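Chain A is the first sequence line, chain B the second, and so forth, proteins listed ahead of strands; every chain is numbered from 1. Keep in mind that this is a model prediction, so the values were computed, not measured. Side chains included, hydrogens not; waters and symmetry mates left out as well; all remaining heavy atoms used.
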There are 2 protein chains.
Amino acid sequence: MAQLRPGPNLSRIATSLGVSVATVSNALSGKGRVSEQLVGKIREHAAELGYVPSQAGRALRTGRSGVLGLVLPDIANPLFPKIAQAIEFAAASAGYGVLIADSRGNVSAQTEAINRLVERGVDGLVIVPRRATRISAASCPVAVIDTASTPGNTVAADHWQGGQLIAAHLADLGHKRILIIGNNPESNVQNDRAGGIRSGLCPGMSAETLWIEKLEHQAGSGCPLGLARKVGEGFTAFAALSDLQALRVLTELQRDGIHVPAQASVTGFDDLIWSAVVTPALTTVKMDMDAIAEIAVSALVKNIKTSSTREGALVTAEKDRVPMQLIIRQSSAPANPVQEHLQMENS
Amino acid sequence: MAQLRPGPNLSRIATSLGVSVATVSNALSGKGRVSEQLVGKIREHAAELGYVPSQAGRALRTGRSGVLGLVLPDIANPLFPKIAQAIEFAAASAGYGVLIADSRGNVSAQTEAINRLVERGVDGLVIVPRRATRISAASCPVAVIDTASTPGNTVAADHWQGGQLIAAHLADLGHKRILIIGNNPESNVQNDRAGGIRSGLCPGMSAETLWIEKLEHQAGSGCPLGLARKVGEGFTAFAALSDLQALRVLTELQRDGIHVPAQASVTGFDDLIWSAVVTPALTTVKMDMDAIAEIAVSALVKNIKTSSTREGALVTAEKDRVPMQLIIRQSSAPANPVQEHLQMENS
DNA sequence: CTGAAAGCGCTTACAG
DNA sequence: CTGAAAGCGCTTACAG
């Protein structure tokens with residue numbers, strides 16, 4: 001049988017150096033009590049040989065794979081890149097790999113995705129759940145990222161506070177009538193954001209909410225939202241509950257000859273890739289994904305290292321709310337001369 | 001020491017059934033020659049017990065982890081969701097898991113990411129390279145996804161042909177002067193697309209290329225591109241080399257009072273999430289990511305199963321070019337009454 | 001400070 | 001058709 005892993009293993013280093021594998025293992029891991037000089041010699045030799053420890057061997061022995069699973073409701077979601085990047089970074093920093101699984105489609109696909117990951121032996125799971133799914137305890141520690149309203153949630157952006165930032169910003173700009181625009185009345189995230197906006201309104205301000213239908217991505221753009229008419233009715237600010245909807249709002253207004261921000265302000269959420277690219281650039285509220293990922297991963301890792309059984313439960317200790325941050329861009333500049341002047345200069 | 005994996009293992013099933021582990025293993029894998037009835041009994045019992053094979057044990061024994069690595073130049077890239085989703089699906093269908101790594105930043109980060117994955121014991125690697133990186137042969141099979149112009153490339157969308165689709169579409173619409181808009185003259189992908197467009201022009205048509213600077217995502221929108229002036233100069237079609245740039249073009253034109261598509265057509269590439277959402281919806285050219293992923297993964301899997309050594313090289317046998325597909329939406333409807341009528345009806 | 005030994009769970013020739 | 005045995009590479013008590 002061919003040598004499957006061409007690289008050297010512990011015993012090759014051991015024999016080559018005339019010591020035992022146990023000593024090599026201890027020297028390399030820094031755990032056992034090995035003499036300084038021997039440690040040096042062993043490490044040097046290992047490096048020379050280009051030794052790479054076998055994850056399989058280690059995993060079999062320790063019962064830990066060193067891998068975390070990431071389950072997403074829909075990888076095609078535009079927020080995904082940021083989540084994945086942040087989780088991957090946090091995991092890599094903690095010495096873990098990240099296995100992905102897409103629960104595209106329904107809830108049963110989510111369960112399947114979780115199972116696939118568990119079968120691959122992940123030590124823990126980061127789950128961004130679909131709608132308001134309750135995650136039935138998997139057989140490993142689980143961290144859930146969504147909103148405070150989600151049962152079993154561990155950590156999330158403070159969407160409510162994010163909404164308040166939008167409200168305060170629009171108040172500063174002097175807006176009185178706000179139209180909140182979402183596409184999913186069932187979404188915890190969107191409800192938190194909308195609630196935050198309403199709770200943050202100042203006296204004299206009012207808000208209505210418009211739930212628009214979800215677009216089929218293939219089908220081309222849906223019905224016009226009639227936003228120009230809303231401007232006619234006196235709405236001057238459109239607060240979308242996601243940048244994707246903000247984009248829809250912005251382009252429809254522009255197409256219908258409404259000038260943004262001179263005639264109406266548009267704001268979004270999430271600071272998605274295009275928010276800085278469109279003209280005018282979108283004012284938005286950003287999650288601190290790196291912080292969220294860091295909290296989720298470290299909670300998971302702590303749990304993994306603590307409990308010696310793999311029987312996992314939700315890592316619920318924390319329940320962190322990570323504050324969001326307002327990013328002011330041109331789409332919500334106030335429609336007064338001073339601001340317009342400034343805006344022209346830096347555009 | 002606590003039982004790390006709570007689940008049953010082969011020997012538990014074996015003793016519980018009074019047979020040998022070898023027989024259980026053979027029955028479950030369907031490889032060995034085990035009597036029909038015994039196979040049935042064993043499988044049934046395994047299912048009852050909720051047996052999940054240990055990947056670690058299997059990996060250690062076989063030298064294969066059953067995991068593929070996916071290396072991306074920048075996970076924050078908006079194309080990433082589609083790539084990841086497609087690769088994950090293709091891999092899962094072939095019985096493989098997908099470990100991700102982000103080579104954010106420079107080329108050395110890419111090498112590091114590859115090493116991290118190799119150290120985790122991936123059986124093969126799917127790499128979307130940065131710029132024109134040459135992938136130095138890693139110690140496992142590698143499939144590279146980029147363009148035909150990329151050295152060592154295995155499979156990619158036919159970006160050139162995609163460009164030709166755009167050219168033919170604009171020709172059909174009666175456009176004469178085309179402005180091609182890209183942001184990276186070094187990019188193989190963008191050059192292929194631009195070349196395809198130019199090569200597909202009909203007699204009487206002409207194209208110029210405008211390379212715009214890359215936006216810093218944080219910095220807010222960059223300088224205006226002066227597109228309205230280009231309309232004044234007689235350009236009637238703006239062919240962006242990616243939907244992100246198309247979005248920038250579309251919103252700037254609209255902000256400056258140019259009506260799309262009445263006064264100018266706008267097209268993009270990639271069918272990114274927002275292309276169907278904006279008003280007017282973007283005409284674009286779509287990659288068949290599922291096909292690309294399927295080809296890359298199956299080439300990898302074939303190579304993994306064939307070669308018994310893990311010494312991998314680039315899986316270069318195929319060199320497939322997967323055709324792209326034109327998706328016509330409102331942003332490039334011709335500016336004649338008939339079309340405008342149709343457009344109103346289905347909008 | 002160092003080493004001999006056991007064992008994690010699996011698969012695969014080989015023998016019966 | 002079935003089983004006994006070896007061994008993948010590692011870590012961890014335990015003994016010296």
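Spacing between atom CG of B:L28 and atom P of C:dC10 amounts to 9 Å, rounded to whole angstrom units. Rounded to whole Å, atom P of C:dC10 lies 12 Å from atom CG of B:L60. Spacing between atom CD of B:E119 and atom C1' of D:dG9 amounts to 16 Å, rounded to whole angstrom units. B:R64 has its CZ atom 16 Å from the P atom of D:dC8, to the nearest Å. Going from atom OH of B:Y51 over to atom C1' of C:dG9 covers 7 Å, rounded to whole Å. Atom CD1 in B:I13 sits roughly 11 Å away from atom P in C:dT11 (whole-Å rounding). When the C1' atom of D:dT12 is taken as reference, atom CG of A:L10 falls 13 Å away, rounded to whole Å.
Scanning for side-chain hydrogen bond (donor to acceptor under 3.5 Å, both in side chains) contacts around A:S298 gives an empty result, with sequence neighbours left out. Listed by chain and residue number, nothing satisfies the side-chain hydrogen bond (donor to acceptor under 3.5 Å, both in side chains) test with B:T15 (two or more places apart in sequence, or in another chain). By the side-chain hydrogen bond (donor to acceptor under 3.5 Å, both in side chains) test, A:T23 pairs with A:S20, sequence neighbours left out. With sequence neighbours excluded, the residues that form a side-chain hydrogen bond (donor to acceptor under 3.5 Å, both in side chains) with B:S16 are B:H45.
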Determine which bases of DNA chain C form Watson-Crick or G-U wobble pairs with both distances under 3.5 Å, and write the result as a 5' to 3' dot-bracket string with | for other-strand partners.
|||.||||||||.|||
From CA spacing to verdict: side-chain contact (heavy atoms from CB on, under 4.5 Å), B:V322, B:M289
CA-CA 9 Å; B:V322 178; B:M289 258 306 164; over 6 Å; no
If you apply the rule side-chain contact (heavy atoms from CB on, under 4.5 Å), what do you find for B:V189 with B:D146, and how did you get there?
CA-CA 7 Å; B:V189 170; B:D146 193 1; 3.2 Å; yes
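With salt bridges taken as basic N to acidic carboxylate O contacts below 4.0 Å, none links B:E36 and B:K41. Classification of A:E48 and A:R43 as a salt-bridged pair fails, no side-chain N sitting under 4.0 Å from a carboxylate O.
Contact annotation: B:R58 does not reach the phosphate of C:dG9 (side-chain N/O to OP1 or OP2, under 4.0 Å). The side chain of B:S25 places an N or O atom within less than 4.0 Å of a non-bridging phosphate oxygen (OP1 or OP2) of C:dT11. Contact annotation: A:S35 does not reach the phosphate of C:dC1 (side-chain N/O to OP1 or OP2, under 4.0 Å).
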Would you tabulate the nitrogen or oxygen pairs shorter than 3.5 Å linking the protein to nucleotides 3-6 of chain D?
from  : atom 1 : to    : atom 2 : distance (Å)
D:dG3 : OP2    : B:S20 : N      : 3.1
D:dG3 : OP2    : B:S20 : OG     : 3.4
D:dG3 : OP2    : B:T23 : OG1    : 2.9

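Other residues, nucleotides and ligands place more than 12 heavy atoms under 6.0 Å from the OH atom of A:Y51.
Heavy-atom nearest nucleotides on DNA chain D were determined for B:E36 and for B:G57, and the one closer to the 5' end corresponds to B:E36.
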